[in-house]
Amino acid sequence: MHILGGYTGNVLRIDLTRKTSEIQTLPIELIRNFRGGAGINMALAYKELERLGDPFSPENKMIFGLGPLVGTMVPGSGKGNFTTRSPHRKFIGISGHGLFGMLKFAGFDHLVISGCAKTPTLLKIEDNRVSFLEADGLWGLDTFETTDRVWQRLGERFHVTCIGPAGEHRVKDSSMITNKYATFARTGVGAVMGSKNLKALAIHGSGGVAVADRNRFLRGVKNIYRALRADPNLLNWRKYGTLISYEIFSRLGLYAAKNYQIAFDEDLINRMPLDDFMENCKEGDVACQACPVGCKHHLNFGGNGEPRTRLTVSCMNSVIQSFANFCLVDGWKEAIRCAETSARMGLDFMSVGGLISFALELYDRGLITDKETGGQSLHWGDGEAVRELTRKIAHRQDLGAVLAEGLDSAAKTLGLETAPYAMHTKGLGVLYDPRVRLESTEVFSQFTNVRGDSSNVSVAMVERTPDQIRRYCTRIGLPPDAIDRIVQETGYNVGRLNKWTEDVTSVLEILGICMFPPYQRLSLDLWADVYSAVTGLETTRDDLLAAAENMWDLRRSFNLREGASHLDDTCPERFFKEPISVGTKRLKPLDKNHFQGLVQAYYDERGWDPKTGTPLAQKLADLGMSD
């Protein structure tokens, strides 16, 4: 296997305890089996993270990875990946965003950070030079303040990834934020960074990325651009970002409210018109590295007596769901102010909304009182109360100290009677209600995903016919026998479909491509061709799907060895026991037997034991990953 481009071939290892760094060669067998990015991240984590280890121990590792297409002009090729042991049940923690490519320009495919600094530290990487700088003056600052201080100190050419007070206090739903908006979120990754006394990571690189076959590469890039431009929704993705389906989702009841007690329908559109957001909140478009879409929003409003708010948001859909829907905060501006507080504190939008709506319901039901809240009244729709509780979570104050441990731990602390209202899967708050649309892979995958709730596996959020699903599967290049298992004349099996949509989006994750729908709906043959052109390794779509499947086998195996089981792949009991109102409609609770049958179909489609979800031991042995 002779590689001519795409990869730098280097892994940078940094030990914060010893203040040392070392450059190692990326093993060729990892490229062969996992291709890059999130795939190789997972292989490193599986081999190097000790069994049943403490997420906050020096031995836990922060593993960053960039796929082989990152740093090229391939559309959407900015995706950086992060892997660690999560403080949520010690399962695998995975995240990613589109603004970490500077590591590739510094000369590295992967960065592995271990150890624990004695004092707060700013880690500086400039090309192949690593510096350990004091960060005493940064500790305690929010993420925006920290980024500005680092830029003042080092210059704005550096990309700055940092934590806020939440990460410093090891809040289990804390995040890491790059350049004030691109976020490594979910699974408490910011808490892991804080446990290492690492306040910020500043990276600048001046290198480039080699391409094996320039002419073939340019043709491949042109083909991808042509396919993107053929998408009739492309400009709407730029204009609205993840709000592109806001009105449709509202009408379908996909926006849960009041901690999943009810769901919005068209009344949400009337309460918060999309035109109001576009005219009074949004100032401009923001793109990730190498992305021609630019679906993120720069927001700017206030003045003349109104609080000034300026920030960039990657996913406005999560802002609306977390604050306007879950907590009933009224109006775009008020919801965005809640998001700004969360971002500054270094907290995950989605998790904060779930935590606070949980607390609001408990207060509403009398299960907690002013005694538990430290005297703070909690009422649905009170934006200032939401922001104040957000700050308390970040600083572990009063009720915030309990919520800082995450939904499942908070319910155990507050009493067994509160557990039915903790709406989580594997410790992470859920985003969509399966009673409304279980047939969507994005909804179903919340419960089978190894980390808990996950987005970007978005197929069939709106109702689709079997023929539409068959055409989609054929277009992206799934094997014909798999399509026949997925689709029947009368419908389709979302469990089986979910395996393949996970693999398709994971191919993008491995290569370093954005996983949003404009990219995941393109044929895998396009990605295989451009990968072949960049690296010089002749590769088919089946090769890429095999790498994705290998990664999922390792992710599942990691969780199983840490104590997970098939019992973790389930819904909160509320979804099985309570109906849900969507406007004038009343939807039934989920049928548990039907749901479990779909989970078993998912296991079977993956080639795992249909009852336990255990991957084949021989498969791990073939990958050189046997324990």
Side-chain angles (χ1 to χ4, degrees), residues 88-89 249 252-265 321-322 325-328 350-351 353-368 378 380 402-403 406-449 452-454 461 463 493-495 498 564-603 611 613:
H88 286 286
R89 302 189 182 182
F249 283 12
L252 292 174
L254 286 168
Y255 287 131
K258 296 184 69 175
N259 202 31
Y260 293 90
Q261 295 180 76
I262 59 172
F264 283 109
D265 60 357
Q321 288 173 285
S322 298
N325 299 343
F326 289 173
C327 303
L328 295 190
M350 298 181 190
S351 294
L355 288 167
I356 294 179
S357 63
F358 168 62
L360 288 167
E361 182 171 4
L362 297 186
Y363 193 87
D364 201 31
R365 291 178 178 272
L367 296 175
I368 60 173
L378 298 177
W380 299 106
V402 177
L403 298 178
L407 278 169
D408 55 345
S409 295
K412 293 172 185 176
T413 300
L414 293 170
L416 289 177
E417 67 275 14
T418 70
Y421 311 112
M423 306 301 289
H424 70 86
T425 172
K426 302 179 181 72
L428 283 187
V430 297
L431 200 58
Y432 292 108
D433 192 330
R435 294 169 295 185
V436 176
R437 186 76 187 133
L438 182 61
E439 297 81 4
S440 162
T441 56
E442 185 157 359
V443 176
F444 178 78
S445 69
Q446 297 176 111
F447 311 110
T448 56
N449 191 279
D453 170 67
S454 183
M461 286 297 279
E463 187 172 347
N493 187 299
V494 70
N498 187 56
S565 78
H566 66 284
L567 298 177
D568 293 297
D569 297 329
T570 190
C571 293
E573 280 298 307
R574 167 170 270 172
F575 295 147
F576 293 125
K577 293 180 177 179
E578 298 179 14
I580 180 76
S581 294
V582 181
T584 59
K585 294 184 295 184
R586 190 81 165 160
L587 303 180
K588 294 180 180 179
L590 289 183
D591 181 287
K592 185 173 282 190
N593 290 330
H594 174 64
F595 179 86
Q596 291 173 341
L598 292 174
V599 172
Q600 291 178 358
Y602 168 74
Y603 293 163
K611 298 293 185 183

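For reference, positions follow the sequence shown, starting with 1.
Counting all heavy atoms, side chain and backbone alike, P420 lies closest to L416 at CD-O, 3.7 Å. The minimum heavy-atom distance between L438 and H594, with the atom names listed, is CD2-CD2, 4.2 Å. Taking both residues in full, the closest heavy atoms of M461 and E442 are given as SD-CB, 3.7 Å, listed atom of the first, atom of the second, then distance. Scanning both residues, F326 and A256, for their nearest heavy atoms gives CD2-O, 3.7 Å. A pairwise comparison of heavy atoms in C327 and S322 identifies SG-O, 3.4 Å as the closest pair. Nearest heavy-atom pair, L407 versus M423, reported as atom, atom and distance to 0.1 Å: CD1-O, 3.6 Å.
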Under the side-chain contact (heavy atoms from CB on, under 4.5 Å) rule, what do V599 and H566 come out as? Steps first, then yes or no, please.
CA-CA 9 Å; V599 172; H566 66 284; over 6 Å; no

Worked verdict on R435 versus K588 for side-chain contact (heavy atoms from CB on, under 4.5 Å)
CA-CA 7 Å; R435 294 169 295 185; K588 294 180 180 179; over 6 Å; no

Kindly indicate, with the supporting measurements, whether the criterion side-chain contact (heavy atoms from CB on, under 4.5 Å) is fulfilled by T441 and V494.
CA-CA 6 Å; T441 56; V494 70; 4.0 Å; yes

Pair F595, F575 - check ring pair (Phe, Tyr, Trp, His ring centres under 6.0 Å), show working.
CA-CA 11 Å; F595 179 86; F575 295 147; 9.3 Å; no

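Between the side chains of Y602 and D569, no donor N or O sits under 3.5 Å from an acceptor N or O.
Residues passing the salt bridge (charged side-chain N to carboxylate O under 4.0 Å, His left out) test with D265, sequence neighbours excluded: none. When the ring pair (Phe, Tyr, Trp, His ring centres under 6.0 Å) test is applied to F264, no partner is found at least two apart in sequence or on another chain. Scored by the ring pair (Phe, Tyr, Trp, His ring centres under 6.0 Å) test, Y432 finds no partners at all (sequence neighbours excluded).
Interatomic distance, Q596 CD to D591 CG, rounded to the nearest 0.5 Å: 9.0 Å. In this structure, CD on Q446 lies 10.5 Å from NZ on K426, to the nearest 0.5 angstrom. Expressed to the nearest 0.5 Å, how far CE of M350 lies from CG of L431 amounts to 5.0 Å. Atom CG of residue L590 and atom CZ of residue F447 lie 7.5 Å apart, to the nearest 0.5 angstrom.
The list of side chain to side chain donor-acceptor pair (under 3.5 Å) pairs with a residue in residues 410-419, not counting sequence neighbours, is empty.
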Could you pull out every donor-acceptor pair under 3.5 Å between side chains of residues 579-587 and any protein atom, sequence neighbours left out?
residue, atom, partner, partner atom, Å
S581, OG, R586, NH1, 2.5

Anything under 3.5 Å between a donor and an acceptor, one on a side chain of residues 353-368, the other on a protein residue two or more places apart or in another chain? List them.
residue, atom, partner, partner atom, Å
S357, OG, N259, OD1, 3.4
S357, OG, G353, O, 2.9
S357, OG, G354, O, 3.2
E361, OE1, N259, ND2, 2.8
E361, OE1, R574, NH1, 3.1
E361, OE2, R365, NE, 2.8
E361, OE2, R365, NH2, 3.1
E361, OE2, R574, NH2, 2.7
Y363, OH, D370, OD1, 2.5
D364, OD2, W380, NE1, 3.3

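Under the 4.5 Å side-chain criterion, counting only non-hydrogen atoms from C-beta, E573 is in contact with K592.
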